[in-house]
Number of protein chains: 2
Amino acid sequence: MATQKRVRKSPEERRAEVYGAARAIALESGLAAVTQRAVAERVGVAPALVTHYVTRMELLVAEVFRDIAREELELVRASVEAVGDDPIERVVALLRGLIEDYRRDVALIWVDGWSLSRRNDDLAAVLVEEARAWEGFAAEVFQAGDAAGAFHAPDPLALARFVVGATDGLSAQSAVWTGVERETVGYVLEAVAALLRIPAEELARASY
Amino acid sequence: MATQKRVRKSPEERRAEVYGAARAIALESGLAAVTQRAVAERVGVAPALVTHYVTRMELLVAEVFRDIAREELELVRASVEAVGDDPIERVVALLRGLIEDYRRDVALIWVDGWSLSRRNDDLAAVLVEEARAWEGFAAEVFQAGDAAGAFHAPDPLALARFVVGATDGLSAQSAVWTGVERETVGYVLEAVAALLRIPAEELARASY
DNA sequence: GGTCTAGTTGACCAAGTGATCAATAACTGA
DNA sequence: TCAGTTATTGATCACTTGGTCAACTAGACC
C-alpha cells in the first residue's frame, strides 16, 4: 500500500530479517507458507530482495526447518543436563521433552517437513540429519543408564528410534487435537519403564 | 502429443477412471501430486474433463484420502476378526496391522494428510473422521479384552489413542527410513503388554 | 556537497495451479 | 441414415509460485 521510503540496511541485518521472517511464518503457518512473497511482505520489502539474499527458496525452507528442529533438541538436551547425573531422572526429562514440552507448532513443522521432503531434496537431507541427531541424543541417555546399571537397554539406538518415532506420532496427534497430552505422558512413562525393565513407579516417582 | 480419437464413455465409468487415477497418483506420489492436470494426463483426457466430474479438486483429494484410510482400516479389521475371539490374539493382530502391515505409501499419505489439512478444510474434516474411526476400532479391541478379563484396560479409548498415535509415528518413521520394522514390532508388543498388565510373553507367544 | 558503491526495486518471465465455457463430435436411438 | 443428446475439448482466465535483471537511490565516504 504505502510507498514507504526505501531503507537501506547492511547485508547481515537484512539477511537476519529475511531469515527471521521465514522462521516466524513457518512456526505460524507451516513450512509450505514460507514463500518468497510472504517473507518479503513480512519484512516489508520487495519480493526480489528475498531472492537476492536467499539464492533458492528451497534452501531457505530447509535451513529454517533445521534451526527450529535443532533449537528444540538443544532445549531438551539442556533440560536433561539440568537434572543431573541420575539416569532415571534423565530419562524422565527426555520423555517430558519429547511429549509434554513439545510445542504444537514445532510438531506440525515436523509433519510438514516429512511431507514436503518428497519434493524438496535439501529439506529431505536436513530432515534425516535432524532426526538422527534426536535419535543419537536419546540413545546416549539410554546407553549411559544401561552402562550405569540403572536399567536395561542393551540396544540403546534401537530403543531410541522406537521412543522418538512413537513420541513424534503422539506429538503430531496432540498438535492436531487437544487436551490429551496429560494422560499421554503417563502412558509413555509406563511403556518405557517396561522396556527398561524397571518398575513404572521408578519413572513416575522421578516425574514430579 | 497424439491427437488421439476422442472416446466417449458413460459418466459412471469416466468418474471411476478419474477417481482411480487420483487414487493411484496419491499412493505413488503423495496427496499433493493429485492435481487436475496430473489426473487428466493419467486418464488420457483433457484437464477440463476432470473438473467436469469433480466439482472441486480439494474434495477429490479429501475423498481419495478417506478411501485409502478406510480401506486400510477395513483390512486390519478383517485380519483382527480372522483370528477369532481370543482377546490377546486380537490385540496382536491389531498391532501387527498398525505397524508391520502398514504400507509405506499409506503411511506417507497420512503424513501428507496432516500437513495438507492446514489448507484443505475438506481434507481436515475427513482426516479427523478417519483418525477417530481408527481409535474407535482399537478401543473396541481393548475394551472387549478388558471386559473378558484377559488384560487390564480401564480406559480403552485413551489407550487406543495412545497406541494409534504412537504407531502412526513409527509407521511414518519406517516409511521414510527402512529396515527397522522388524525390531519395532517387538518393542510395540512389549510396551503394550506392560500397559495391559500382562507378561510380554503372552503377546509374543501369540505373534507367530 | 558531490560521488560512487551496492542495497533495493519494479517490471518482467516461465511454469504451475484450479476453474469456466462455448464449441465440437461421439454415440444413441428413431 | 441421420438427427439429437451430451460427453468431451480447446481456449482462456485469474492466480500463485520462484526467479531474473536493468534501473533506481540511500547512505557512506571523500
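Each chain gets a letter, A, B and so on, in the order its sequence line appears, and its residues count up from 1.
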Nearest heavy atom decides the nucleotide; on that basis, is B:K9 or B:V34 closer to the 5' end of DNA chain C?
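Mapping each residue to its closest nucleotide by heavy atoms, the 5'-most match is B:V34.
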Between [X] ([atom1]) and [N] ([atom2]), how many Å, whole number?
{"X": "A:M57", "N": "D:dT17", "atom1": "CE", "atom2": "P", "result": "10 Å"}
{"X": "A:Q36", "N": "C:dA14", "atom1": "CD", "atom2": "P", "result": "17 Å"}
{"X": "A:E58", "N": "D:dT17", "atom1": "CD", "atom2": "P", "result": "15 Å"}
{"X": "A:D122", "N": "D:dG18", "atom1": "CG", "atom2": "P", "result": "14 Å"}
{"X": "A:E17", "N": "C:dT8", "atom1": "CD", "atom2": "C1'", "result": "13 Å"}
{"X": "B:R119", "N": "C:dG18", "atom1": "CZ", "atom2": "C1'", "result": "15 Å"}
{"X": "A:E12", "N": "C:dG7", "atom1": "CD", "atom2": "C1'", "result": "12 Å"}
{"X": "A:H52", "N": "D:dC24", "atom1": "NE2", "atom2": "C1'", "result": "14 Å"}

Residues within residues 19-27 of chain A bordering DNA chain C, heavy-atom distance below 4.0 Å
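Hits under 4.0 Å, by residue number: none.
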Write down the atom of [X], the atom of [Y], and the distance for their closest heavy-atom approach.
{"X": "B:V111", "Y": "A:S115", "result": "CG1-N, 3.8 Å"}
{"X": "A:Y187", "Y": "B:A158", "result": "OH-CB, 3.6 Å"}
{"X": "A:Q36", "Y": "A:P47", "result": "NE2-O, 3.3 Å"}
{"X": "A:A150", "Y": "A:I88", "result": "O-CD1, 4.3 Å"}
{"X": "A:V126", "Y": "A:R66", "result": "CG1-CB, 3.3 Å"}

Against B:R23, only a single residue in B:E17, B:E71, B:E28 fulfils salt bridge (charged side-chain N to carboxylate O under 4.0 Å, His left out); can you say which?
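Looking at B:E17, B:E71, B:E28, the match for B:R23 under the salt bridge (charged side-chain N to carboxylate O under 4.0 Å, His left out) is B:E71.
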Look at atom CD of B:E190 and say whether more than 12 heavy atoms of other residues, nucleotides or ligands are closer to it than 6.0 Å.
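More than 12 within 6.0 Å, yes.
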Taking CD in B:E63 as the centre, count heavy atoms belonging to other residues, nucleotides or ligands within less than 6.0 Å. Is the count above 12?
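It does: B:E63 CD has more than 12 such atoms within range.
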Table of protein N/O atoms under 3.5 Å from nucleotides 2-6 of chain C N/O atoms:
unit_1 : atom_1 : unit_2 : atom_2 : d
C:dT5  : O2     : A:R8   : NH2    : 3.3
C:dA6  : O4'    : A:R8   : NH2    : 3.3
C:dA6  : N3     : A:R8   : NH1    : 3.1
C:dA6  : N3     : A:R8   : NH2    : 2.9

Short heteroatom pairs, N/O only, protein and nucleotides 10-13 of chain C, under 3.5 Å:
none

Test your reading of the model: is there a side-chain donor-acceptor pair from [X] to the backbone of [Y], 3.5 Å cut-off?
{"X": "B:R104", "Y": "B:S174", "value": "no"}
{"X": "B:S29", "Y": "B:A26", "value": "no"}
{"X": "A:D112", "Y": "A:L31", "value": "yes"}

Remember a base hit wins even if backbone is also touched, and classify A:T35 as base, sugar-phosphate or nothing at under 4.0 Å, heavy atoms.
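Counting heavy atoms under 4.0 Å across all strands, the contact made by A:T35 is with sugar-phosphate only.
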Is the phosphate of C:dG7, meaning OP1 or OP2, less than 4.0 Å from a side-chain N or O of A:Y53?
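The answer is no; no side-chain N or O of A:Y53 sits under 4.0 Å from OP1 or OP2.
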